[in-house]
Amino acid sequence: MSTDAAPVHLTHPDAPASAARIAFVGAGPGDPGLLTVRAREYLAAADVVLLDTLHREEELSPWTKEDAVFVLTTRGEGGPALTPAARAKLLVRTASKYDDATHLVVRLMDGDATAFGGLAGEALACRDAGVPFEIVPGVSTAWSVPAYAGMPLSGDGQHSEVHVLHAGDSSVDWSLSVATDVTVVVLGSGDQLRKALRQLADAGRPGDSPVALTENGTTVSQQTYVQTLDEAITTMAADDAPAATVAVVGPSVELRSELSWWESKPLFGWSILVPRTKEQSGPMTDRIAAYGASASVVPTISVEPPRTPQQMDRAVRGLVTGRYEWIGFTSVNAVRAVREKFEALGLDARSFAGLKLAAVGGVTAQALREWGLEPDLVPEGEESARGLLEVWPPFDEVLDPINRVFLPRADIATDTLVAGLHEMGWEVDDVTAYRTVRAAPPAAPVREAIKGGAFDAVCFTSSSTVRNLVGIAGKPHPNTLVACIGPATAKAAEEHGLRVDVVAPEPSATRLVDALAEHVRALAAQAQADGEPLVRPSERKAAPRRPRNRR
């Protein structure tokens, strides 16, 4: 979602003129994709976001303003959480820094803000201080985490009674949840969760009741451990106990062996290196996430203006004066370069009136649409110069009043498109709109991760990404799977001493990810046939994480 979307103005009729408005917003259980539409609207309008965990700041940045301030409700990074009273004071104090209710402070709370999150105390503090507030419920942790672990809590007609409890609630009567046909969901962690399970067992729940402990629910690092109630209590007492936040006790656990969909994705838990700029990597990282993996984008090129801008200036002025019939965009960077030149010259999208626009693929087409322009020509098949040539119409002296095409491109672009257009009768102004130079080396920990095998796979989308990654960060570890977008990229990887495991069947970034997923699915099937688990490349040298029954 674009970060420059128009902010929503959520006014409050009773807002005093002495403080910002406060919105208590449920953030969902962990997966940023489970933020509700309403939650994203509030985040887009927020001046300040108060949150309980620092790691969410990077995940939330795509939905907040560039100048939004993040405030952590803990004592320093990684420190203990503030007391409920201290959090309430911090919230009111933050809102009171603003002098009117046109400003918005979002109090982001895990899961559904209305459930077990201390909302009531903070909302009462706002009321007492005269600060207006609103409440935006979120996706509940109690229901969503079991669903991601393959355990629907009710609905099959056999066990419709579900008890949702918080491990820290001292008023719980556990004897009401001892019947074996009752599904019990306990929210908590650490010793608090262990004590709650112990109390459930002491109240009479059979020790052989199935229990599922889930940590990092709904994220790509989710882990679920299935045990009996007695085993779970022992497990939670160990020094290396899982950081479980949800425990499910009862018949729903038995469904996991059949319905575990999230942790069964082919790339689940994998860490994928994407040597590409963040602006270009969106569709790839989305597809990687859809397969249950996490993507780490490491830019290998930096985009800079041309050394001599006069050629670009002349071309843009010629575009305005009617010199061209077509303008062909072969990358998002080309769209950005032309747009920046337009803004520098005081022009806007109206100057494209009468021009025909071509885009090399869907991502470039979307960049044009974000500028308010609808491309006339986008190849449906191969997203490349060759694919664009296949759908580009030849010059027709009768139908085409002008025979000239403007191609704003990189300084290292190939001549395939230019030569093909010439053959079809077009005159081409092939203009350097931007330069691509090797990016600065990534941080030392990233370089070490690349060379040390911390990544399970790397996806190369061009020969230059191979050369540049090796140049700025070194070769990926031999254990790391190497996936390439096409034969030329694969050849470049092999020339740099890399073993190529996957080559996409067509030159598309998303198809590259699909091909990697298919390869890993085949490896998993072979491992299963051999009676062995598939070990991720990054874990081949590592000791097992925990010798625990994980099903």
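Under the 3.5 Å distance criterion, with hydrogens and angles disregarded, a donor-acceptor pair is assigned to the side chains of Gln222 and Glu263. Counted by atom type alone, Thr219 and Asp31 present zero donor-acceptor pairs between their side chains at under 3.5 Å. Remark: the Thr214 side chain and the Thr224 side chain contain an N/O donor-acceptor pair separated by less than 3.5 Å.
A heavy-atom distance below 4.5 Å is found between the side chains of Arg409 and Val418. The side-chain heavy atoms of Val405 and Ile327, taken from C-beta on, include no pair separated by under 4.5 Å. Residues Leu407 and Leu421 meet the side-chain proximity criterion, which asks for heavy atoms closer than 4.5 Å. In this structure the side chain of Leu51 never reaches within 4.5 angstrom of the side chain of Val71, judged on heavy atoms. Side-chain contact between Trp392 and Pro379 is absent, with no heavy atoms from C-beta onward closer than 4.5 Å. Proximity of Arg499 to Val482: side-chain heavy atoms (C-beta onward) are nowhere separated by under 4.5 Å. Here the side chains of Leu35 and Leu43 are in contact, with some heavy-atom distance below 4.5 Å. For the pair Val298/Val446, a side-chain contact is recorded, criterion being any heavy-atom separation below 4.5 Å from C-beta on.
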(request) Please assess Gln223 against Ser221 for the test side chain to side chain contact (heavy atoms under 4.5 Å, CB included), listing each intermediate value before the final yes or no. (result) CA-CA 6 Å; Gln223 296 284 331; Ser221 55; over 6 Å; no

(request) May I have the step-by-step check of salt bridge (charged side-chain N to carboxylate O under 4.0 Å, His left out) for Arg107 and Asp52, ending in yes or no? (result) CA-CA 9 Å; Arg107 172 66 173 101; Asp52 295 326; 3.1 Å; yes

(request) Apply side-chain hydrogen bond (donor to acceptor under 3.5 Å, both in side chains) to the pair Asp456 and Ser271, showing each step before the final yes or no. (result) CA-CA 5 Å; Asp456 298 294; Ser271 178; 5.1 Å; no

(request) Dump the intermediate steps for salt bridge (charged side-chain N to carboxylate O under 4.0 Å, His left out) on Glu494 and Lys491, then the final yes or no. (result) CA-CA 5 Å; Glu494 290 169 347; Lys491 181 180 178 181; over 6 Å; no

(request) Could you give me the CA-CA distance, side-chain angles and deciding distance for Glu325 and Lys356, then say whether salt bridge (charged side-chain N to carboxylate O under 4.0 Å, His left out) is met? (result) CA-CA 6 Å; Glu325 178 77 4; Lys356 296 176 183 176; 3.4 Å; yes

(request) Before giving the answer on salt bridge (charged side-chain N to carboxylate O under 4.0 Å, His left out), spell out for Arg307 and Asp411 the whole-Å C-alpha distance, their side-chain angles and the decisive distance to 0.1 Å. (result) CA-CA 10 Å; Arg307 288 190 175 90; Asp411 57 333; 5.5 Å; no

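Using a distance-only test at 3.5 Å, with no hydrogens or angles considered, a donor-acceptor pair links the side chain of Asp47 to the main chain of Leu104. Side-chain N or O atoms of Asp376 include one that pairs as donor or acceptor with a backbone N or O of Leu357 at under 3.5 Å. Ser260 places no side-chain N or O within donor-acceptor distance of the main-chain N or O of Arg256, the cut-off being under 3.5 Å. Not a single donor-acceptor pair under 3.5 Å links the side chain of Arg276 to the backbone N or O of Ser281. Of the possible donor and acceptor atoms, one in the side chain of Arg447 sits under 3.5 Å from a partner among the backbone N and O of Pro442.
Ring-centre distance between Trp371 and Phe342: below the 6.0 Å cut-off. A distance below 6.0 Å separates the ring centres of Trp261 and Tyr148. For Tyr42 and Trp63, the gap between ring centers reaches or exceeds 6.0 Å. A distance of 6.0 Å or more separates the ring centres of Phe406 and Trp326.
The existence of a salt bridge linking Arg339 and Asp348 is excluded, since no basic side-chain nitrogen approaches an acidic carboxylate oxygen closer than 4.0 Å. Using a cut-off of 4.0 Å between Lys/Arg side-chain N and Asp/Glu carboxylate O, Arg336 and Glu340 are scored as not salt-bridged.
Separation of atoms CG (Asn403) and CE (Met424) is listed at 13.0 Å; rounding is to 0.5 Å. A distance of 5.5 Å separates CG of Leu345 from CZ of Arg317, quoted to the nearest 0.5 Å. The CG atom of Asn468 sits 7.5 Å away from the OG atom of Ser462 when rounded to the nearest 0.5 Å.
Contact record, Pro537 with Asn479: CB-O, 3.1 Å, taken as the closest heavy-atom pair. Of all the heavy atoms in Leu512 and Cys484, the pair that sits closest is CD1-O, 3.3 Å.
At most 12 non-hydrogen atoms from other residues, nucleotides or ligands lie less than 6.0 angstrom from CD of Glu258.
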